[in-house]
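Chain naming here is simple, since letters A, B, ... match the order of the sequence lines and numbering starts at 1 in each. The structure displayed is predicted, hence computed values, not measured ones.
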Amino acid sequence: MINKFLSQKRAVFCFAFILLLLFAAIIGGAFTDGASARVSLTGRSRPPSREHPLGTDPSGRDMLGQLVTETRNSLLIAVGITALTCAFGTAFGLIAGYFGGVVDMALMRVLDFVSMLPRLMLIIVFVTLISEYGPVQLALIMSALGWMYDARIIRGKALSLRDEDFIRAARSVGAPAAKIIARHFLPHLAPVIIVNFTLNLAGSIGVETGLSFLGFGLPFATPRLGTLLNYAYVPENLQNRPWLWLPAVALIFIVMMCIHYTGGALKRAIND
Amino acid sequence: MNPPLLAVSGISVAYKRGLSSKYSVQAVRGVSFSAWRGRTLGLIGESGSGKSSALNAVAGLVKPIAGEIIFDGKPVGKRRPGMSMIFQSGAIDPKMRIADVVAEPLRNHKRMPAKDERAAVIKLLEMVGLPSAFMERLPWELSGGQLQRAGIARALALRPSLLLADEPVTALDPDAKEQILDLLARLIKEFRMACVFVTHDLEAARYLCDAFCIMQNGEIVERGGVYRIFNEPQQAYTKLLLESGAVCAG
Amino acid sequence: MRRIILGCAAVCAVQLILISLLVFILSELMPGDALTGRISPSITGERLREMRGQMGFDRPWGARYASWLSGIFKGDFGVSFSHKLPVAQLVGEKFGNTLLLGAFSFLICYALSVSFGVIAGRYRGSWPDRAVSSGSYALMSIPQAVLGILAIFIFGYTLKWLPPGGSVDSGVLGPLALIMSRLRHLILPALTQLVRGEVAAGQEAEYILSLRSRGVAPSRVFWAHILRNSLIPAMSLSGSYLAALLGGTALVETIFSYPGIGKLFVDSVLKRDYPTANFILLLTAFMAAAGTLLSDIIMNRLDPRIKML
């Protein structure tokens with residue numbers, strides 16, 4: 001299976017790119033943290049120059065530094081959110097799929113209900129209501145409304161796995177449910193879980209970016225790519241100062257494409 | 001006549017679809033049979049006759065909606081130590097190594113130090129005629145017959161007194177079939193196990209079984225010893241089976 | 001048929017009740033209540049408690065929920081803090097806009113995605129398929145916010161094809177940019193992929209092969225059989241897609257400054273105008289439930305393999 005994945009050159013390239021980006025963002029962050037935060041009153045919103053390769057933002061901060069810091073924050077937060085989402089979604093799907101019958105029906109009803117809720121709106125409401133608001137709370141609320149996709153897929157696969165002879169054999173030998181799930185289901189579902197993770201990652205970044213853009217993301221102290229997008233909200237900036245938001249847009253676009261490509265390639269590698 | 005190890009009376013099994021019982025299928029209707037130590041009972045029938053479902057009920061894989069199952073003088077509980085099951089094609093997880101497959105029952109019931117477990121697995125493999133080199137192999141490296149041997153080794157791990165066999169040789173080629181049947185016969189005698197053997201293959205059944213129950217549409221239509229069934233079949237269905245099974249009596 | 005509708009409706013009713021409970025709980029958590037916007041800040045302490053008592057705020061939550069609910073049924077949704085208008089009126093004005101946007105998006109989306117999906121499925125493996133697949137991949141990857149900004153920039157400023165924002169008053173072209181970005185991101189790719197998958201799978205189906213071997217013309221095979229079967233899953237999911245469309249309004253409307261309930265929602269939350277925000281939440285969730293109900297009924301009806309209850 002790994003071979004199949006590696007044979008898809010574009011995907012491997014994308015995967016490598018993301019790793020590289022993450023690496024650069026983390027390392028680069030060490031260098032630019034100080035510099036990027038330096039506010040300069042005179043150098044506000046300047047176009048790219050030799051001193052500031054990507055120009056400066058309305059507070060005079062160096063854009064390149066900002067970009068690096070924000071990329072790192074965005075990616076790390078997104079990974080955290082996705083990990084939570086996948087963990088919960090997978091667990092849910094496993095339980096529904098393994099036990100089947102009434103348990104499955106009940107859990108599916110719950111899933112259907114949560115799927116119906118207007119996700120972005122609810123997140124916005126929660127974000128406003130919670131007083132001490134930080135990355136952890138954001139991760140929790142986003143996971144609470146994002147686990148459904150995982151759960152559905154895992155449940156489907158688990159249901160079909162359930163009918164396999166070797167699962168019957170495992171049950172006949174007296175293995176308790178937890179052991180069967182851990183020993184037999186997980187190894188078979190591992191590829192699916194990984195693919196879900198990549199797709200979820202892309203989705204999380206997307207939602208989080210949208211949130212930040214609207215102004216509901218994390219406070220400005222931890223800048224993310226979405227906050228850069230926020231500058232684009234002002235028509236003046238949008239029209240005349242593309243350096244403020246174009247790099248962020250480009251970066252987001254590339255990162256997402258890479259994630260999607262990687263995920264798609266993984267999916268193809270599994271199914272064949 | 002000593003009491004049977006297994007006494008099944010009047011069990012019925014139904015499979016439901018969805019919440020209401022509107023779409024339920026009754027696979028087994030009021031079936032009774034018994035099995036004694038050292039003897040093999042055959043449950044014979046075509047696909048859909050309910051034989052596998054009956055076996056599943058005995059093994060505890062499915063809950064009967066009616067009837068009683070008495071094992072070793074006591075009604076069965078949720079856990080059924082003392083029984084083991086073997087399946088068609090071995091039923092081996094394609095991602096597990098043979099050693100882990102055979103050791104699984106051991107790991108479920110007690111924690112053994114790695115060395116002891118390894119020794120136990122080697123001994124089990126020996127019993128079924130597999131060299132210890134097979135321990136590290138993956139299922140796709142084994143032939144159908146070898147896989148089935150591994151399945152049997154797994155079934156023997158906890159020294160069961162009752163062996164349930166669901167079509168164990170149906171998917172094997174004639175050579176492997178003979179070898180496995182021989183192996184089973186030997187093991188049943190050696191360990192004085194009772195055995196319930198489900199199949200539609202009359203040839204195989206005749207080789208291994210001492211007594212038969214013929215099943216059709218969830219019910220037992222005829223029962224008796226090997227000789228009588230094959231030479232003096234009473235029911236029309238039995239006769240039909242015998243004729244189509246291309247088995248010579250006597 | 002009636003049994004199916006009743007069954008699904010029953011489930012839907014339960015969901016609606018749960019939604020109303022959820023929204024009610026949220027509204028309880030929000031600071032401020034009906035009094036906050038209406039009385040002068042100088043009234044505090046005893047007097048305030050008295051007034052609250054008069055309005056019934058110290059009843060147990062069950063009673064409060066009941067009266068809130070009955071208020072809803074009567075059409076009384078409270079008064080907006082910031083606008084000092086009844087919420088119903090405020091939302092009513094903008095609701096039409098959002099519906100318009102949604103309807104347009106939905107139609108265009110379906111037209112495009114079915115066409116693309118069918119083409120991709122029909123010519124599976126060759127360049128149209130790959131083009132469509134890459135295209136939908138790309139579109140799926142971009143977050144809505146990003147796509148929206150890009151769209152404004154490219155179409156609004158650079159090419160000057162379409163006005164960047166504003167309401168329906170500026171003509172149909174105004175919302176068009178927004179519809180484009182909206183549907184493109186959200187649904188088009190998913191639907192396209194789905195249709196394509198189904199069409200492609202349908203082609204392989206055995207009964208299709210049997211038809212072909214009997215000499216039925218390929219195009220007739222295609223239109224009469226494959227198409228119909230492929231579209232069933234797409235149709236059945238349309239209910240939930242409708243729901244998703246409505247749910248994601250907030251972002252797009254804000255980007256394009258489109259006066260719909262999505263933007264109203266975001267503005268309300270920012271201004272701490274909770275009654276309005278709450279009501280929009282309830283409304284959106286209700287519409288989502290209705291959409292799901294619709295798709296459930298359709299799915300049950302069209303696909304005889306599914307037995308819901």
Visitor: Under 4.5 Å heavy-atom distance to chain A, tell me which part of Ala285(C) shows up: side chain, backbone, both or neither.
Guide: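 The answer is both parts of Ala285(C).
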Visitor: Verify side-chain contact (heavy atoms from CB on, under 4.5 Å) between Phe265(C) and Val125(A), making sure each step is shown before the conclusion.
Guide: CA-CA 10 Å; Phe265(C) 177 76; Val125(A) 168; 3.7 Å; yes
Visitor: Would you call Leu117(A) and Leu22(C) a side-chain contact if the rule is heavy atoms closer than 4.5 Å?
Guide: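 In short, these two side chains touch, coming nearer than 4.5 Å.
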Visitor: Looking at every non-hydrogen atom in both residues, tell me the closest pair between Met116(A) and Ala288(C) and how far apart they are.
Guide: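 Looking at all heavy atoms of both residues, the closest pair is O-CB, 3.3 Å.
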Visitor: Got a second to check how far Met121(A)'s CE is from Ile280(C)'s CD1, nearest 0.5 Å?
Guide: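 Separation between the atoms: 6.5 Å.
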Visitor: With a 4.5 angstrom heavy-atom cut-off, which part of Leu122(A) approaches chain C: side chain, backbone, both or neither?
Guide: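 Both parts, backbone and side chain.
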Visitor: How long is the straight-line distance from CG of Leu16(C) back to CZ of Phe113(A), given to the nearest 0.5 Å?
Guide: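 Interatomic distance, Phe113(A) CZ to Leu16(C) CG, rounded to 0.5 Å: 9.0 Å.
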Visitor: Measuring from atom SG of Cys12(C) to atom CG of Asp112(A), what distance do you get when rounded to the nearest 0.5 angstrom?
Guide: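 Answer rounded to 0.5 Å: 11.5 Å.
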